[in-house]
Protein chains: 2
Amino acid sequence: MTYSISEVAKKLNLTSYTLRYYDKEGLIPFVERTPSGIRLFKESDIDFLKIIQCLKTTGMPIKDIKEFIEWCSDGDSTLQQRYDMFIERKASVEAQMEELKKTMKVIEHKCMYYKTALEAGTEDIHKNDNIEDFITNK
Amino acid sequence: MTYSISEVAKKLNLTSYTLRYYDKEGLIPFVERTPSGIRLFKESDIDFLKIIQCLKTTGMPIKDIKEFIEWCSDGDSTLQQRYDMFIERKASVEAQMEELKKTMKVIEHKCMYYKTALEAGTEDIHKNDNIEDFITNK
DNA sequence: ATAATTCCTAGAGTTAACTCGAAGTCTAAC
DNA sequence: GTTAGACTTCGAGTTAACTCTAGGAATTAT
């Protein structure tokens, strides 16, 4: 069973334009076509697109994802590169999570700041606060 | 005590170009100047820039940050908007963390996948795997 | 068989966030 | 008082990732 480009777009919550763009950029060279040139997406193609979306979420640029796709079609000789890449992605995601946690602390502090200010009707009650205390975690 | 643009850039790990760009975009209208036009950053300006960096980390676009800055100079009448904004930022960061967690699971699975493939010398040992099982969390 | 819909490509346009170059001004050191 | 280095503005250039348009071909519905 195969899917049309618009079906895949709907399934993955992106547009046909984007899928054609990914194809143009060499991210999905494995997608087959009808004799008249229309793309036919297999289930396995959709799985690959899910991995591509996952890599994008980690902040990986498209040209790097393309390199990974090329490694995939190069077979077992590129296993080490692909392993290294995922280890590096893992470290990157860990770093991003750490940064988000720090960011969250500041945002939560600001939520409290404005909650109390709203209750008081003025920001003045924070006149003596020291924002550094929160950013530096004192 | 004040700081020059390049000192602030160094402190915040960005460039003078970027700081001037932020100024041009209205993110730091409070930064004062010498009579000859040179920017003098106060400690409180740097604190504001840290909040701006924090908002950027949450994925907030610059024109939205600008709106927040405008609210700040509009005083207490905008407390509700600012509170709502931070609540919304909090939800956004929570969503991002959730997505990163899901992404992490897939990445970790791929790390294992390639680790075992490397040990076996070939990807073939995963011939019967079903990637869906991992993506759908089975 | 015709009309509506969906597909195709090539290439142009958009947007965000920088990033830089040119030309000139300011300031500190000698 | 001149020179090196940092500062200024203005506007142009860059990059990534889409996003869309035009013009045409294929498929589906009536």
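Residue numbers start from 1 in every chain, and the chains themselves are labelled A, B, ... in the order their sequence lines are given, proteins ahead of strands.
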May I ask you to check if A/Lys24 and A/Tyr21 form a cation-pi contact, with NZ or CZ under 6.0 angstrom from the six-membered ring centre and within 45° of the axis?
no
Would one find a side-chain N or O of A/Tyr22 under 4.0 angstrom from OP1 or OP2 of D/dC18?
yes
Distance check needed: C/dC7 C1' versus A/Tyr3 OH, whole Å only.
19 Å
Rounded to whole angstroms, how far apart are CZ on A/Phe41 and P on C/dT6?
16 Å
Send over the distance from B/Ile5 CD1 to D/dC7 C1', rounded to a whole Å.
8 Å
Could you tell me the separation between the CG atom of A/Asp23 and the C1' atom of C/dA10, rounded to a whole number of Å?
14 Å
Using a heavy-atom cut-off of 4.0 Å across all strands, would you classify B/Ser16 as base, sugar-phosphate, or nothing?
nothing
Select from A/Arg20 and B/Lys56 the residue whose nearest nucleotide in DNA chain C is closer to the 5' end of that strand.
A/Arg20
Would B/Lys115 and B/Glu119 pass as an ion pair if we require N to O under 4.0 Å?
yes
Could you tell me how far apart B/Gln53 (CD) and C/dA17 (C1') are, to the nearest whole angstrom?
14 Å
Using heavy atoms to find the nearest nucleotide of DNA chain C for B/Met60 and B/Ser36 separately, return the residue whose nucleotide is more 5′.
B/Met60
Report which part of the nucleic acid A/Arg39 touches: base, sugar-phosphate, or nothing (heavy-atom distance under 4.0 Å, all strands).
sugar-phosphate
Do the rings of B/Tyr114 and A/Phe68 sit parallel, tilted or perpendicular, given the 30° and 60° boundaries?
perpendicular
Whole-Å distance between D/dA16 C1' and A/Ile65 CD1?
12 Å
Closest approach to the side chain of A/Ile62, judged atom by atom: which nucleotide of D/dC18, D/dA6, C/dC7 is it?
D/dC18
Would you say the side-chain atoms of B/Ser92 pair up with the backbone N or O of B/Glu88, donor to acceptor, closer than 3.5 Å?
no
In whole angstrom, give the distance that lies between atom CD of A/Glu25 and atom P of C/dG11.
14 Å
Which is true for B/Lys63 with a 4.0 Å heavy-atom rule: it touches a base, it touches only sugar-phosphate, or it touches nothing?
sugar-phosphate
If you find the nucleotide of DNA chain D closest to A/Thr34 and the one closest to A/Thr18, which residue's nucleotide is nearer the 5' end?
A/Thr18
Between B/Lys24 and A/Gly59, whichever has its closest DNA chain D nucleotide further toward 5' is B/Lys24
Out of C/dC8, D/dC20, C/dC26, minimum distance to the side chain of B/Ile38 belongs to C/dC26
Atom pair distance, as rounded to whole Å: OH in A/Tyr21 and C1' in C/dG11
14 Å
A/Arg33 side chain near C/dT9 phosphate (N/O to OP1/OP2, under 4.0 Å)
yes
Using a strict threshold of under 4.0 Å (side-chain N to carboxylate O), is an ion pair present between A/Glu7 and A/Lys11?
no
Give one of base, sugar-phosphate or nothing for B/Thr15, where a contact means two heavy atoms less than 4.0 Å apart.
nothing
